[in-house]
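A short write-up of the structure that comes next.
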There are 2 protein chains.
Amino acid sequence: MSDLGDYLRKQREQRRQSDPQFSLRKVAQRIGVQPSYLSKVERGSEGSPSEETLRRLAEDLNEDADILLALGGKISTDLASIIRKRPKLFAELIRDLKDIPDHAVLRIVREVRDGNW
Amino acid sequence: MSDLGDYLRKQREQRRQSDPQFSLRKVAQRIGVQPSYLSKVERGSEGSPSEETLRRLAEDLNEDADILLALGGKISTDLASIIRKRPKLFAELIRDLKDIPDHAVLRIVREVRDGNW
DNA sequence: TGTACTGTGTAGTATATACTACACTGTCGA
DNA sequence: TCGACAGTGTAGTATATACTACACAGTACA
């Protein structure tokens, strides 16, 4: 039911196979939430955690924060703030890139990185 | 104090000079909010209106919705959803574009549009 | 067999969001 | 001077968000 929940449980269980420190309760304690809450999040019977909590989860599970945030229906505030500074420009770009395949977008990323602009 | 409020008031007042239908009360009625609420929004003594309300405002004032949303601290849900579908890719791209000047970003937009990818 | 874990269910809560309802005051033209 | 506008101030509200607190049942191992 919940993409985020399924993903989190899968990753945590995997980690848990080689390290008992990745029980639900231990993770919950490390990231600073109640185990019952994390349990509900993993089973999708709760809305998405806050950005802060998702970031702590990402760090603890060694996952990419942007991915967890996306699965939780959020966008990193630093990205949002970059976009908000030039809303028309980024709106145009992002909508244009909507249907462009990954490899082509990656080529643009590489071009930008190389300074070919 | 409020960028959004200042902007809205300025645009509305300007429109009002040539068309009395742009009084605060008239606009409020057309977009479906109480005049007192719009008044507070324009003076920045209220948080940002919802995306829906900002969109109606943009339409009524003939302004760009992405700009009003940005001033209101929001990002269009359609953009957010495009990003969330490929979070790593877009996160990387957007962070890389953070300090790239407008004209260079525009060149990329044009390239994408021309299919040079 | 007990104690030390595991995950889960139920109920409640503080804070924020996005407004409404209504009364009030001021201005301006007829 | 009055009626129809204009904008504003105060108070209240429904809903969502992001959790907590605590009790409970099952499993394992010493």
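Chain A is the first sequence line, chain B the second, and so forth, proteins listed ahead of strands; every chain is numbered from 1.
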Next on the checklist: Can you measure K40(B) atom NZ to dC19(C) atom P for me and round it to whole angstrom units?
Outcome noted: 12 Å
Checklist entry - CD of E51(B) versus C1' of dT17(C): gap in Å, rounded? => result 14 Å
Checklist entry - On a plain distance test, is the side chain of E46(A) in donor-acceptor contact with the base of dC19(D) below 3.5 Å? => result yes
Checklist entry - With nearest nucleotides of DNA chain D determined for R16(B) and Q34(A) from heavy-atom distances, which residue corresponds to the more 5′ nucleotide? => result R16(B)
Checklist entry - For E51(A), which residues count as a salt bridge (Lys or Arg N to Asp or Glu O under 4.0 Å) partner, sequence neighbours excluded? => result R55(A)
Checklist outcome for this item: Rounded to the nearest 0.5 Å, the OG atom of S50(B) sits from the CD atom of E52(B) at a distance of 6.5 Å
Checklist outcome for this item: Here the residues of residues 56-68 of chain A within 4.0 Å heavy-atom distance, strictly under, of DNA chain D are none
Checklist entry - Does R43(A) have a side-chain nitrogen or oxygen under 4.0 Å from the phosphate oxygens OP1 or OP2 of dG7(C)? => result no
Checklist entry - Does the base of dA18(C) carry an N or O that pairs as donor and acceptor with the side chain of T53(B) under 3.5 Å? => result no
Item to check | S50(B) vs dC19(C): side-chain N/O to OP1/OP2 distance below 4.0 Å | outcome: yes
Item to check | Spacing between L69(A) atom CG and dA18(D) atom P, to the nearest angstrom | outcome: 12 Å
Checklist entry - Counting just side-chain N and O atoms, does S48(B) come under 4.0 Å of either OP1 or OP2 of dT17(C)? => result no
Next on the checklist: What is the distance, to the nearest angstrom, from the OH atom on Y37(A) to the C1' atom on dC22(D)?
Outcome noted: 18 Å
Checklist entry - Base, sugar-phosphate, or nothing for G73(A), non-hydrogen atoms under 4.0 angstrom? => result nothing
Checklist entry - Between dA21(C), dT20(D), dC19(C), which nucleotide gets closest to the side-chain atoms of S36(B)? => result dA21(C)
Checklist entry - Within 45° of the six-membered ring axis of F22(A) and under 6.0 Å from that ring's centre, is NZ or CZ of R15(A) located there? => result yes
Next on the checklist: With a 4.0 Å cut-off on N to O distance, would you call R113(A) and E92(B) a salt bridge?
Outcome noted: yes
Checklist entry - Heavy atoms, side chains only, cut-off 4.5 Å: are L61(A) and L57(A) in contact? => result yes
Checklist entry - Looking for any heavy atom pair under 4.0 Å, which part of the strands does S23(B) touch: base, sugar-phosphate only, or nothing? => result sugar-phosphate
Next on the checklist: Any base atoms under 4.0 Å from P35(A), or only sugar-phosphate, or nothing? Heavy atoms, all strands.
Outcome noted: base
Next on the checklist: Expressed as a whole number of angstroms, how long is the span from R25(A):CZ to dC24(D):C1'?
Outcome noted: 11 Å
Next on the checklist: As an exercise, state the distance from CD1 of I94(B) to CG of D78(A), rounded to the nearest 0.5 Å.
Outcome noted: 9.5 Å
Checklist entry - Atom NZ of K74(A) and atom P of dT17(D): how far apart are they, to the nearest Å? => result 8 Å
Item to check | Note: D66(B)-R95(A) ion pair, threshold 4.0 Å (strictly below) | outcome: yes
Checklist entry - dT6(C) P sits how many Å from E13(A) CD, rounded? => result 12 Å
Checklist outcome for this item: With sequence neighbours left out, the residues meeting salt bridge (Lys or Arg N to Asp or Glu O under 4.0 Å) with D19(A) are none
Item to check | Atom-to-atom span, CG of L38(B) to C1' of dA21(C) - whole angstrom | outcome: 16 Å
Next on the checklist: With a 4.0 Å limit, can you tell me whether R12(A) has a side-chain N or O closer than that to the phosphate oxygens OP1/OP2 of dG7(C)?
Outcome noted: yes
